[in-house]
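Note sheet for the following structure.
Predicted model only: the values in this text are computed from it and were never measured. The first residue in the sequence is number 1, and the count goes up from there.
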Amino acid sequence: MFFGAGNIVFPLLVGIQSESQNIYASIGLLISAIGVPLLGLIAMAMFEGNYKEFFGRMGNTPGFIMTALILGLIGPFGALPRCIALSHSTIKMYLPLISLWQFSLLSCLIIFWLSWRPSALVTILGYILTPFLLFSVLVIIGFGFVNSPSAPISSLSWHKAFSNGFIQGYQTLDLLGAFFFSSTIILSLKESVKSEIPQNFKPLMTLTLKASFICAILLGLVSWGFSWVAAFNSQSLQNVPKDELLRVVATQTLGQHASIFTIAAVLLACLTTEIALATAFSEFIHQDLSGKKISYEWSLVITLVIAFFVSLWHFEGIIHFLAPILFFCYPMMITLSIVNILYKLYHFKPVKTPLAIVLILSLAGFLFSGA
């Protein structure tokens, strides 16, 4: 569920921008794109995956607004259409007659079918896709390390490279996804330990931590490797559009025909992410916004109609729309995760004051940067 468009594009982009300073940029990227979502998973595990209780500590109305905002960002207004747009950009060289609107419409119909009538197909994709996907991207990374030249000397300072990598990690949206994917994850883990919180909280937390760290290590390895392969090949990638970076890197490292298999794996990875995101927002419309007055099926239709039109902004347009929102939202959500962990461990009660301080600092940073 976590491996989507952001985990593909932004590590590559960080490597291109940082070149020889990628050692610092990749550290920043790994902190915000891997460490921070891991923090979010741990925080939500302490709340049993109950995002209403988690965000409710902000207050009922602010918590509801923040829930709606984040679900919108990872759903039809952000990550979902971004995955669709990236998938189209990845295959358009091989299927040039399919326009973006045609591909988006077809994608939304497929997502609707798989989300409306969940079947063994999604489970099969999960079991088969993950090993195949990891193998494919590790092959790209391995060949990239072997066949690429040294990274060009960068003019960036180490702290500028680190800062850029850290900010680009926001765009993966994985922290925001962690808040809502966690309920599904924790439910599955509860079945594994055959216990209920709080009677056997420790076994559940142990299993959650193990699963989360395995996920973090694998995603971190992919992000780190992609960033270095892009850094090595940065000169040839400078003018490549963001949404075509994967295709170009795969072709450069594996050749025209071998890269098709990797691209197919990534398309399937985006599809499973799209299903998870569409389902999460549709459930929110069905359960919370409408109080079950709108059926899940119609909620799914509404979600996919919005996602279809937003996907027509193209990958770059969606990125530009998301960037300023994430600049403010991400630091607040990191802070909320920390204070909620402290609340569960040490009964630390302040919430609104830390969030207000972080919001003011983010605003100052935004104005100071001249953005």
Side-chain angles (χ1 to χ4, degrees), residues 1-7 31-80 82-83 169-190 197 204-205 208-209 211-213 215-216 219 272-289 303 322 325-345 351-352 354-355 358-359 362:
M1 291 189 292
F2 282 98
F3 192 87
N7 302 92
I31 292 173
S32 60
I34 308 299
V36 167
L38 178 61
L39 180 74
L41 277 174
I42 294 171
M44 285 300 298
M46 292 183 172
F47 283 77
E48 306 176 34
N50 187 338
Y51 65 82
K52 292 182 181 179
E53 182 185 356
F54 185 87
F55 290 104
R57 293 201 66 236
M58 301 172 62
N60 290 334
T61 300
F64 181 83
I65 292 172
M66 186 58 69
T67 299
L69 172 63
I70 293 175
L71 277 169
L73 291 176
I74 66 172
F77 296 99
L80 173 55
R82 190 176 69 178
C83 278
Y170 290 178
Q171 292 275 4
T172 64
L173 300 176
D174 280 351
L175 171 62
L176 308 187
F179 293 142
F180 300 98
F181 291 161
S182 60
S183 59
T184 302
I185 296 167
I186 292 169
L187 179 62
S188 176
L189 294 178
K190 275 187 177 181
I197 294 176
L204 180 62
M205 278 302 298
T208 300
L209 289 173
S212 298
F213 276 105
C215 173
L219 280 175
T272 54
T273 301
E274 290 158 7
I275 293 168
L277 297 174
T279 301
F281 193 79
S282 300
E283 286 287 356
F284 178 71
I285 294 176
H286 173 59
Q287 297 280 354
D288 299 320
L289 284 184
T303 299
L322 289 175
I325 302 173
L326 295 176
F327 190 88
F328 292 100
C329 184
Y330 237 77
M332 291 181 64
M333 292 303 96
I334 294 171
T335 304
L336 181 62
S337 298
I338 293 171
V339 297
N340 277 351
I341 289 174
L342 293 175
Y343 171 74
K344 286 294 184 178
L345 293 178
V351 177
K352 294 182 179 179
L355 291 178
V358 170
L359 179 60
S362 297

(Q) Can you tell me how far apart CZ (F64) and CG (L289) are? Round to the nearest 0.5 Å. (A) 4.5 Å
(Q) How long is the straight-line distance from CZ of R82 back to CD of E274, given to the nearest 0.5 Å? (A) 11.5 Å
Q) Rounded to the nearest 0.5 Å, what separation is found between the CZ atom of F55 and the CG atom of L69? A) 9.5 Å
Q.
Restricting to non-hydrogen atoms, name the atom on Y330 and the atom on V36 that form the minimum distance, rounded to 0.1 Å.
A. CE2-CG1, 4.2 Å
Q | Residue pair E48 / E53, side-chain heavy-atom distance below 4.5 Å | A | no
Q) Of all heavy-atom pairs between S32 and P37, which one has the smallest distance, and what is that distance? A) O-CD, 3.4 Å
Q.
For L345 and M46: C-alpha separation, side-chain torsions, deciding distance, then whether side chain to side chain contact (heavy atoms under 4.5 Å, CB included) applies.
A. CA-CA 9 Å; L345 293 178; M46 292 183 172; 3.9 Å; yes
Q | Considering all heavy atoms, the nearest S337-L175 contact | A | OG-CD1, 4.2 Å
Q. Can you name the nearest heavy-atom pair linking L73 to L326, along with the distance?
A. CD1-CD2, 4.3 Å
Q. Does the pair T67 and F180 meet the rule for a side chain to side chain contact (heavy atoms under 4.5 Å, CB included), with working shown?
A. CA-CA 9 Å; T67 299; F180 300 98; 3.9 Å; yes
(Q) Just verifying a value: how many Å separate I341 CD1 and F47 CZ, rounded to the nearest 0.5 Å? (A) 9.0 Å
Q | Within-4.5 Å side-chain heavy-atom neighbours: F281 and I285 | A | yes
Q | Flag if over 12 foreign heavy atoms under 6.0 Å of NZ, K344 | A | yes
Q | Closest approach of F327 to S362 (non-hydrogen atoms, all atoms of both residues) | A | CE2-O, 3.3 Å
Q: Starting at CE of M332, measure out to CG of L359 and round the result to the nearest 0.5 Å.
A: 5.0 Å
(Q) Pair V339, L336 - check side chain to side chain contact (heavy atoms under 4.5 Å, CB included), show working. (A) CA-CA 5 Å; V339 297; L336 181 62; 4.2 Å; yes
Q) Should we say atom OH of Y343 is surrounded by more than 12 heavy atoms from elsewhere, each under 6.0 Å from it? A) no
Q | Spacing of L173 atom CG and L80 atom CG [to the nearest 0.5 Å] | A | 11.5 Å
Q | 4.5 Å side-chain heavy-atom contact, L71 and F77 | A | no
Q. Looking at S212 and L41, what are the two nearest heavy atoms and their distance?
A. OG-CD1, 3.8 Å
Q | Any donor-acceptor N/O pair, T172 side chain to G169 backbone, under 3.5 Å | A | yes
